[in-house]
There are 2 protein chains.
Amino acid sequence: MQEKEISQAVIRRMPRYYRYLGELLDDGVERISSNDLSRTMRVTASQIRQDLNNFGGFGQQGYGYNVKYLHDEIGKILGLNQRHNIIVIGAGNLGQAITNYVKFEQLGFVIIGLFDINPALEGKTVRGIRIHMMDDLPEFCARNQVDIAALTLPKEKADASAHYLVELGIHAIWNFAHVDLDLIDQDVVVENVHLSDSLMQLSYNIVKNRFEKEHS
Amino acid sequence: MQEKEISQAVIRRMPRYYRYLGELLDDGVERISSNDLSRTMRVTASQIRQDLNNFGGFGQQGYGYNVKYLHDEIGKILGLNQRHNIIVIGAGNLGQAITNYVKFEQLGFVIIGLFDINPALEGKTVRGIRIHMMDDLPEFCARNQVDIAALTLPKEKADASAHYLVELGIHAIWNFAHVDLDLIDQDVVVENVHLSDSLMQLSYNIVKNRFEKEHS
DNA sequence: GTCAATGTGTCAAAAATTTAACAACCTCGT
DNA sequence: ACGAGGTTGTTAAATTTTTGACACATTGAC
């Protein structure tokens, strides 16, 4: 499938292509050129062609790209042609919010259970999905195929939980706790969503923007 | 304050430095060298020094960096020395989850109101913070200083809301809707949190990881 | 069927980012 | 007060990423 290493910079852009192509598809657009796409996406056409060519030649000279075909192919590249079962560790507000986000399911990401240590939550459900106690985790993982664990718990507990999950055979973690999990050398893929980092970036740009306005 | 343009690559790393320095501070560490920090953060010492030097010389030869001082300075760079009032547009699960996330307040980001169009939510509160109807937005913005609007609503409504917010004088948007807001040329700073993009990246890396295991 | 227009894949150049190297300087033990 | 050891700020090299350019394939009008 993959041959040479593809830079994460490219990978970061792929979901965005997928999104735009999905919209074109919904709009009934059949074909598109890198040039037209570059205008709507506000990136260079060269970058689009370069990015796509990392994975193969999906276009045709003189024609462009077939929207449906390209959309499907990028979907395959991103693994969206297969189902991913998710468990959510930490059934607090964020965990529940994610569980309620139906859109993920359309992409093949299906939440099959939530876990928490708070006994008050035991047996309750979110969108029909049950909240279990952490003690039940080993059995649950043995009985169900769990592809991804979403970590939505306080940072103090995140690292220990992550190690525990890896022990139970989980190979992918979607980490919302604002720590960097110390899982080097472990056979596990981690994707971080650091909301406070994001806010701080925004804050930096706010201050910068104000400054530039004052001095121009 | 800022002189030459600093690349967003650097800015993306600053919150992470801030986080690690905060932890060192909590641990009572007084000073640290770029070398020691590089080991814990798993980046090169050279990058740390280079990054920090974009903003000035915070260290001292033969000594290293004073943790508290550096933490404070990075905080200032990121604008964490001032308060940022946030309104949340869309009081659904995600909006409420964010509102409940107390940690932001410690960083100076204070949520002062939620807005929705669902009449059933009118007057309810989340962590003591009131949910208003969208109709009240103009008056609310006139009476309160609103620095950031967090957009936690369906993508169909995101773009129109964003334009409306800009009209009302808001200059910063924290966008959770998975569309790219079309706000070029507007005097507004946008920070995106595209959760599904993040999930797709994770998915890509899962597939890649599996593939590499099978072929090694 | 021909040909201008279109548009990809790819190679090369340019720009940006990261890493390495080191001179200058500070610390701290003696 | 001195000097060995340590550490920054900074310059230069290496690497990565992005952009530009164009040969060549395909389309679609006539």
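It should be emphasised that the depicted structure is a prediction, and the values quoted were computed from it without experimental measurement. Quick note on labels: first sequence line is chain A, next is B, and so on, each numbered from 1.
- Ring centers of A:Phe104 and A:Trp174: under 6.0 Å apart, within the cut-off.
- B:Ile6 places its CD1 atom 15 Å from the C1' atom of C:dT17, with the value rounded to the nearest Å.
- Taking only distance into account, the side chain of B:Gln61 never meets the base of D:dT7 through a donor-acceptor pair shorter than 3.5 Å.
- Spacing between atom CG of A:Leu70 and atom P of C:dT8 amounts to 10 Å, rounded to whole angstrom units.
- Side chain to side chain, B:Thr99 and B:Arg127 fail the donor-acceptor criterion of an N or O pair below 3.5 Å.
- One interatomic measurement links the two molecules: CG of B:Asp36 to P of D:dT7, which rounds to 7 Å at whole-angstrom precision.
- Summary of the strand contacts: A:Asp51 and B:Gly62 both lie near DNA chain D, and taking for each the nucleotide with the nearest heavy atom, the more 5' one is attributed to B:Gly62.
- In this pair, B:His215 and B:Phe211 present their aromatic rings parallel. The plane angle is below 30°, not in the 30 to 60° band.
- Between the CG atom of B:Asn66 and the C1' atom of C:dT27 there is a distance of 15 Å, rounded to whole Å.
- With distances taken from any side-chain atom of B:Tyr65 to the nucleotides D:dG9, D:dT7, C:dT8, the minimum falls on D:dG9.
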Close N/O contacts between protein and nucleotides 10-16 of chain D (under 3.5 Å):
residue : atom : partner : partner atom : Å
D:dT10  : OP2  : B:Asn53 : ND2          : 2.9

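- In this structure a side-chain-to-backbone donor-acceptor pair under 3.5 Å is present from B:Asn66 to B:Lys68.
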Exercise for the section: Begin with the C-alpha distance, continue with both residues' side-chain angles, and end with the deciding distance and a verdict on side-chain hydrogen bond (donor to acceptor under 3.5 Å, both in side chains) for B:Asp180 and A:Tyr20. Expected result: CA-CA 10 Å; B:Asp180 298 321; A:Tyr20 274 82; 3.0 Å; yes
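- For the pair B:Ile32 CD1 and D:dG6 P, the computed distance is 16 Å after rounding to whole Å.
- No donor-acceptor pair under 3.5 Å is formed between the side chain of B:Thr152 and the backbone N or O of B:Phe176.
- Under the side chain to side chain contact (heavy atoms under 4.5 Å, CB included) rule, A:Ile111 has a single partner from A:Asn100, A:Ile87, A:Asn85, A:Val88, which is A:Val88.
- A straight line from CG of B:Asn54 to P of D:dT8 spans 16 Å, rounded to a whole angstrom.
- Separating the CG atom of A:Asn35 from the P atom of C:dT8 is a distance of 7 Å, rounded to the nearest angstrom.
- Taking 4.0 angstrom as the limit, A:Ser34 places a side-chain polar atom (N or O) nearer than this to OP1 or OP2 of C:dT8.
- Residue B:Gln47 places at least one side-chain N or O under 4.0 Å from the OP1 or OP2 atom of C:dT18.
- Note: CD (B:Gln60) to P (D:dG9) measures 9 Å, nearest angstrom.
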Protein-nucleotides 28-30 of chain D N/O pairs closer than 3.5 Å?
residue : atom : partner : partner atom : Å
D:dG28  : OP1  : A:Arg31 : NH1          : 3.0

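- At a cut-off of 3.5 Å, with distance as the only test, no side-chain donor of A:Tyr101 or B:Asn93 sits close to an acceptor on the other residue.
- Side-chain contact of B:Asn205 with A:Gln8: a donor-acceptor pair under 3.5 Å is present, judged by distance alone.
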